[in-house]
Each structure stands twice: as structure tokens, then as C-alpha cells.
Amino acid sequence: MSIQEKMRQELYSKKIFDQARAYAFDYIEGLVSMDVFPQKEALRLLSHFDEPFRTESTSTSEILKQLHLYGSPNTTAQIGGRYFGFVNGGAVPAALASKWLTDIWDQNGGLYYTSAINAKLEQVCELWLKEIFNLPNSTVAGFVSGTSTANLCAIAAARYHLLKKLEWDVNENGLAGSPPFRIIAHKQVHSSIKKTFALLGLGKKRIEWIPSDNHGRIRIDALPELDETCLIILQAGNVNTGAFDDFDKVCTKANKAGAWVHIDGAFGLWAAASQSLSHLTKGIEKATSWAVDGHKTLNTPYDCGIVLCKEKDALISAMQASGDYIVRSDKRESMFYSNEMSKRARAIELWATLKYLGKDGIDEMVTGFNTYALLLANKLKDYYFEIINDVVFNQVLIKGKTDEETNVCLKNLQESGTLWLGGSKWMGQDVIRVSICSWFTNEEDIEKTVEAFVRARDSKD
């Protein structure tokens, strides 16, 4: 039997999909009791993947079995309730189920003629996102892999726009010999912003770095005089403290000067959807571009990033999708709004998540992250842990009496399997960083987390 005939037979028999479904159900049923990060016994199973590349074909059933037996125990249970390591959200069930269906569709979301359904749902999501974040009507959205890419697209659009105002076409002329424009950022911007500067040839050394306050927010008093050649980078949700810049004050100054403001809002921009937390995002509508993830605070499956920009021509010009073979329609063409031409139809899962939750559901979920972060912080204080940040959103920074105690506690927590989180540095101190951003987290998870902290600190091993 040829490989083509074999694949046809497997596709139409559906047995392999039933097998995959059974394994997926096993995984879901064991989610609550599994280690949040695989322990030594499970990690040893990974050696089963160390094998020579075969000449002959392997059955799909054997592949699925190998993945389930040796792969499932070595996953990170980030869709559970006690993964606090990075700002990784869980996944809303409606979105997971939609992803299963759309994985079979296997759509290329680049053009209307490669996926009409993706084009339509991108259009719908764009409208809904503008409503959620209260953004200008002129705002357009591009759907990318994550905020790192969204930042890249937005800052590329800003570069194109600012240089065009200086009568320089960066697409045609490149950067060599280009007139200077100014980039202003504070020292607590995310590493993906610094990476973007390097990738776009902007150079970290030419940035006008200004200080941050003790919470990681931009120092308004340190802002230089602004003009129309300025690009200002702001942040919704510091990755350590969760703090938000003062968008209203900075954007008001920037708008008067005709400057471009970009807000990196990977997880924090969703605070705008919470009635009790929306004050944190006051003034975001005055910015020019925004970057945000679905797969963090909104709890879509990975990968789901969004670039939003109110200067449509600048974004399209910076992305410059062209080619004689590209067949255009009179509908939305996704590749014009992002750096990707061939792309996964990720807007379908975003649409499913937004539709399932609705405004009230998003509010409840986002507000809940703050509620549990405050609960954790207050309970840890009762056991004499020091909380060194103001818990304004979903981030909690914790330390022991000394750096040594903090690091021993962190090591014991990571090895416990009960939860997983990471360490960081804040104001020269070693800290433990908790990011609460899974819909699955509940009060029981917080209680187990507090108990794990106390055991980890007081362990004599």
C-alpha cells in the first residue's frame, strides 16, 4: 500500500481521531492530580523519543500512543489552577473545542480566498476588540502569534510613519542615511520591546531611556520635551509588579506634540474589560498602537496575539504584502495587517472565546485574577512572607527574610510538583514571582499554594 493510500484510509476511517480523543479525555481527567511541572520519574520517560530516524513509515496509532504515554506526563499543566510561572493563561473550554474542529479545517488565514471564515471572524473580532478597549473607530487589527510579534508590527508601523513625516520612505531607502526620529522608553519595558528595537535596526543605544518609579511605572516628571518625531513606549502591566503606566497624562502630552504612542499590553490591557479594574487603563484610547495577547489574560489557546493600530495606512505600508500571484478580493485580507503571509487561522479561537464569555464573563474572569492575587498576598503575609509590590492586578512578588531563604523556598516549590512559578530580580532583591491568569484557579488552589509556600520555606532538607 502506498503512503498516499495509507493516509487516505486513516483519514476516512476516523479511528485515529477516536484514539486521540480518548487520550485527550484521559489527560483532562487527570489534570487536577498531575504534577504542575513533570518530576524526575516522568522526565526519564523522555528518553523514549531518543531513537533513530526510521526508513519505513510508522502507524499513526503508535505515534499517538507514544505521545500519550511519554509526552502527556511531561507537559506543563498550565491549563490547570496552579501554574503561576510565566504569564501563561489557561484555555477556555469553548476555545479548545473550537480549536479541535478548526485543526481539521487546517486553514491558511492569510487571504480571503484561502479562508473566508477566518477573514470574516477577524473582521468581527476587530469590531469587538475596539468595543472592549474603547479604541478609535479607525483602529485596525492584525492577528499574530503573540505580543512579541504584535510589538514588532506596531513599532515597524511607527517607524514607517515617523520617517514618512520626515520625507523618507524606509521601505525604498532603508535606514542607512535616514533622518533621525526619537524613541522614548522607560527602563522597565519588557524584553520583547528591546528585542524589537534590535530587529528593526533601531539600536538600543539610541533610545532615550528614562527612569521608572519603584513600581516599574514611567516617571512622568522625567519625560523630555516631545515633538512629532517621537515614538513613546508605554506598558499596561509590568511583568514583575503588574503596574500600569499613566497613559492619560503621557498620551495627552504626546497628542499635543503629534507623537506616536505604543502600548505594550500583553496581559494588562484586558484590565479595560473589568469594571473594577478599568481605571488602570484610563487614557489608552489616546495612544496610536497597542499590542495584546489572547492566550494570556483572555485564556485563548496558544498562539494568539493581536496588534491594534489606528494608523491603518502606516500598518499596511510597514507590512507591505505584495506579489503578482496574490489574488485579492473585496473582503478583508489578513496578510496586509501583520508580518505573516501564510498563517494559522487563530482568530477563530479568539472569536469563540469572546463569544462564549461575553462582556460579563470577561469581566468576571479578569477581575477574578486580581481577587485571587490579593487573597494569596494577604494569606502569605499571615505567614510572615513579605509582599514587595502593590498588588494592583494579577502579579505578586514575594520574598523571604533573606535572598538565601527566598531562593531555597523557590527551589523547594519548583521541585514539589504542587505548583510551578519562577524567580526574578526586583530592585536588587531576589524574589518569587506569581502570575495568576488561568480561569481554572480557585480558592482551593490558593489554599494549597499557601501551604506549599510554608512547607517550602520551613523544610529542613
Side-chain angles (χ1 to χ4, degrees), residues 86-89 125-136 139-155 157-158 185 188-190 192-193 196 216-218 232-248 250-251 260-300 303-310 315 346-347 350 353-354 357 359 361-370 373 392-395 435-437 439:
F86 299 96
V87 195
N88 293 352
C125 286
E126 181 181 273
L127 289 170
W128 288 358
L129 290 166
K130 287 192 286 187
E131 184 175 348
I132 290 168
F133 299 130
N134 190 33
L135 300 183
T139 303
V140 293
F143 299 89
V144 296
S145 58
T147 290
S148 292
T149 304
N151 283 329
L152 179 73
C153 294
I155 294 173
Q188 281 294 329
V189 294
H190 192 264
S192 66
I193 293 288
T196 291
R217 300 173 301 209
I218 191 169
I232 302 110
I233 308 294
L234 299 178
Q235 186 170 233
N238 180 282
V239 75
N240 279 306
T241 66
F244 289 67
D245 288 332
D246 191 331
F247 309 114
D248 199 41
V250 177
C251 288
W260 183 299
V261 178
H262 173 67
I263 298 176
D264 173 13
F267 65 94
L269 210 65
W270 293 104
S274 164
Q275 292 186 49
S276 62
L277 300 172
S278 60
H279 64 276
L280 296 169
T281 60
K282 181 183 177 184
I284 60 169
E285 72 282 356
K286 298 178 182 179
T288 320
S289 59
W290 308 261
V292 63
D293 276 325
H295 56 235
K296 289 186 171 69
T297 315
L298 189 64
N299 280 227
T300 67
D303 56 3
C304 182
I306 307 148
V307 55
L308 295 148
C309 183
K310 71 180 183 184
L315 183 62
R346 54 180 65 91
L350 174 61
T353 306
L354 293 171
L357 291 172
K359 293 178 184 178
I362 298 173
D363 185 340
E364 180 183 331
M365 184 171 68
V366 173
T367 304
F369 300 149
N370 178 245
V392 297
F393 194 40
N394 67 324
Q395 301 293 102
S435 302
I436 297 180
C437 49
W439 69 268

Between Arg217 and Asp246, is a salt bridge (Lys or Arg N to Asp or Glu O under 4.0 Å) present by the stated rule, with each step listed? CA-CA 8 Å; Arg217 300 173 301 209; Asp246 191 331; over 6 Å; no
Evaluate Ile233 against Ile155 for side chain to side chain contact (heavy atoms under 4.5 Å, CB included), listing each step before the verdict. CA-CA 9 Å; Ile233 308 294; Ile155 294 173; 4.0 Å; yes
Side chain to side chain contact (heavy atoms under 4.5 Å, CB included) between Ile218 and Leu234, worked out: CA-CA 8 Å; Ile218 191 169; Leu234 299 178; 3.8 Å; yes
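Put simply, the side chain of Ile306 reaches to within 4.5 Å of the side chain of Phe143, judged on heavy atoms. Side-chain contact check for Leu350 versus Leu298: some heavy-atom pair is nearer than 4.5 Å. Here the side chains of Phe393 and Val366 are in contact, with some heavy-atom distance below 4.5 Å. Ile132 places a side-chain heavy atom less than 4.5 Å from the side chain of Leu354. Contact annotation: the side chain of Glu285 never approaches that of Cys251 to less than 4.5 Å [non-hydrogen atoms, C-beta and beyond]. The side-chain heavy atoms of Val140 and Glu126, taken from C-beta on, include a pair separated by under 4.5 Å.
Of all heavy-atom pairs spanning Ser435 and Val87, the tightest one is OG-CG2, 3.7 Å. Here the shortest heavy-atom pairing between Pro136 and Trp290 reads CD-CH2, 4.0 Å. The two residues Asp303 and Ser145 make their nearest non-hydrogen contact at CB-O, 3.1 Å. The nearest pair of heavy atoms linking Asp264 to His190 is OD2-CB, 3.5 Å. Taking every heavy atom of both residues into account, Ser148 and Thr196 meet most closely at O-OG1, 4.1 Å. When all heavy atoms are compared, the tightest approach of Ser289 to Trp260 is OG-NE1, 2.9 Å.
Distance alone, capped at 3.5 Å, places no donor-acceptor pair between the Ser274 side chain and the Ala271 backbone. Under a 3.5 Å cut-off, the side chain of Gln235 and the backbone N or O of Asp245 do not form any donor-acceptor pair. Looking at Thr288, its side chain does come within 3.5 Å of a backbone N or O of Val261 through a donor-acceptor pair. Panel note: side chain Gln188, backbone Asn238; no donor-acceptor pair is recorded below 3.5 Å. A donor-acceptor pair is defined here as one N or O able to donate and one able to accept, closer than 3.5 Å; such a pair exists between the side chain of Asn299 and the backbone of Cys437. Checking side-chain atoms of Asn394 against main-chain N and O of Ile436 turns up a donor-acceptor pair under 3.5 Å. At least one donor-acceptor pair under 3.5 Å links the side chain of Thr300 to the backbone N or O of Gly294. At distances below 3.5 Å, at least one donor-acceptor pair connects side-chain atoms of Thr297 with backbone N or O atoms of Phe267. A donor-acceptor pair under 3.5 Å links the side-chain atoms of Asp293 to the main chain of Thr147, judged by distance alone. In this structure, the side chain of Asp248 does not engage the main chain of Lys282 through any donor-acceptor pair within 3.5 Å.
Side-chain contact annotation: Asn151 with Ser192, donor-acceptor N/O pair under 3.5 Å present.
Here the CE-OG1 distance, from Met365 to Thr353, works out to 8.0 Å after rounding to the nearest 0.5 Å. Here Phe133 contributes atom CZ and Leu269 contributes atom CG; the two are 4.5 Å apart, rounded to the nearest 0.5 Å. For the atom pair Leu135 CG and Lys310 NZ, the distance stands at 9.5 Å (nearest 0.5 Å). For the atom pair CD1 of Ile284 and CD1 of Ile263, the computed distance is 6.0 Å after rounding to the nearest 0.5 Å. Atom NE2 in His262 sits 12.5 Å away from atom CD1 in Ile232 (nearest 0.5 Å). Here the CG atom belonging to Leu308 is positioned 6.0 Å from the CG atom belonging to Leu129, to the nearest 0.5 angstrom.
Separation of the Phe369 and Trp439 ring centroids does not fall under the 6.0 Å cut-off.
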